[in-house]
Amino acid sequence: MNRIEDLINHTENLKVPEGRSKSEIWADLQNKIGDDTVKSKKRFIKHPVFYYSVASTIILFFSVLFFLSYKNTTEIFVQAGQKEKVFLPDGSEVIINSVSSLSFSTKKWESERIVDLEGEAFFNVKKGSRFTVKCSNGTVEVKGTIFNVFSRGDVLEVKCTEGVVSVISKSGKTKHLEQNLGVKFNLDNNIGEIFSLNDSNTDLWTNGQFYFDNVNIENVFKEMERQFDINIQFEGKTTRFFSGYFTNKDLDRALNMVCSPMSLSYEIENESLVVIQ
Amino acid sequence: MKIIFNKNKGVSQLEFKSLFDNHFDKIRNYVYFKCGNIEQAEDIAQEAFLKLWEKRFDVKKETMLSYLYRIANNIFINQAKREQLLFNFQNSNQSRDMDNESPEYAMELKEFDEKLQKALAELSEINRVTFLMNRIEGLKYREIAENLEISIKTVEKRMQNALSQLRKSIEFKL
């Protein structure tokens, strides 16, 4: 009898066998998270319910817009760490970046297409009458094109992927942009320098890739704060400039991509604070 | 009208990483207790975390762990090929014993091990999982109850059943 109990108690000495290492599994998991859009697409297609739900979502969305169009303005605010794709009443498509807001009057939409933007958004505008994007530091006017607007702090930057875009700075300076050109206004530099774009990379951020060409390091970290919904305490020199990119899939990797070429070191203090030296 | 996209009620990347670090082993072991195949257990546990990531905006933080157990169980049920259970537990104090004891003792220990693992494999699945979560993972009855979303009474009952089943099948083998 005793021996039986001994044997049973022996269970406590057992250990689950070891398989792959945890870091290996985590890396694998990271990869799978990376292409989750592809994966979920595949999975959804199996279910016919998917099509119904898509159809009903679209109908619901437009009916809500229609209903609200009898009323007032629509304001869309996207929080840190997220991006949202929305359709305007005319079918134009806007992808709004983290910590940005977009608003428009649904009542007046029929007569004039005007949206207010704070932050950054990528526009694919349906052809038609004039379409205006108003920012705190300037205005962008188009007819039907694809373009990206970045308006934060002192900076207004517009990149045109298709068609023609007019940019009017706060002080009244107008610049016309054709395909694959961009313009950047700074508060201290109101000239509005036009630059050409390398292979239409205006919308890379919508896929989670953030490219920087000689951008102040502080602004790079600000973008990172918005993308990952974290606070970055930067204790280095702020007069440095960064060229390169990061992706918003993995914070650790993103920090590495920016910090190692600048020979900065970082430390993730807790879930919302990163210290960089 | 104001639309605010605030999905941040869900899990952030950093939180997800710490969830993984803290709970991956538990989930993998839980599946191992069911299937006795470490590769399968790892794959299912990994898939469970992937599912959690996909559902990260719909899950409440407090129920996250029991949710993981539940998904792992569902995946297991869906894909389980009911093969002959063959456990391959390792002995955590084997190396120490090997040094000090005679070869006869080592032999006996090995035999001991085999008998026990066979007896464990013969337990019904729910009893075995509960029993091993307690004995190997060292989880308290209350923790097991919370993770599997069952009552403490049920855990006690399963433990008793597991013990009496084990006693019977070992008695028969000895």
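Annotation: side chain of A/Ile25 is in contact with side chain of B/Phe20 (closest heavy-atom distance under 4.5 Å). Residues B/Phe24 and A/Leu29 have side chains not in contact (no heavy-atom distance under 4.5 Å, counting atoms from C-beta outward). For the pair B/Asp25/A/Lys22, a side-chain contact is recorded, criterion being any heavy-atom separation below 4.5 Å from C-beta on.
Within the 4.5 angstrom heavy-atom criterion, atoms from both the backbone and the side chain of A/Asn9 approach chain B. Using a 4.5 Å cut-off between heavy atoms, B/Ile38 contacts chain A through its side chain alone, with no backbone atom that close. Both the backbone and the side chain of B/Gln46 have a heavy atom closer than 4.5 Å to some heavy atom of chain A.
Atom CZ of A/Phe212 is surrounded by more than 12 heavy atoms from other residues, nucleotides or ligands within 6.0 Å. Residue A/Glu18 places its CD atom among 12 or fewer non-hydrogen atoms of other residues, nucleotides or ligands, all under 6.0 Å distant. Counted within 6.0 Å of CD on A/Glu267, heavy atoms from surrounding residues, nucleotides or ligands total 12 or fewer; the atom is thus considered open.
With rounding to the nearest 0.5 Å, the separation of CG in B/Asn134 from CD in A/Glu12 is 8.0 Å. The CD1 atom of A/Ile8 sits 5.5 Å away from the CG atom of B/Leu163 when rounded to the nearest 0.5 Å. Rounding to the nearest 0.5 Å gives a distance of 8.0 Å between CG of B/Leu132 and CG of A/Leu14. Atom CZ of residue B/Arg28 and atom CZ of residue A/Arg20 lie 10.5 Å apart, to the nearest 0.5 angstrom. The distance from atom NE2 of A/His10 to atom CD of B/Gln117, rounded to the nearest 0.5 Å, is 7.5 Å.
Among all heavy-atom pairs drawn from B/Ile136 and A/Thr11, the shortest one is CG1-O, 3.6 Å.
With sequence neighbours left out, the salt bridge (charged side-chain N to carboxylate O under 4.0 Å, His left out) criterion links A/Arg152 to no other residue.
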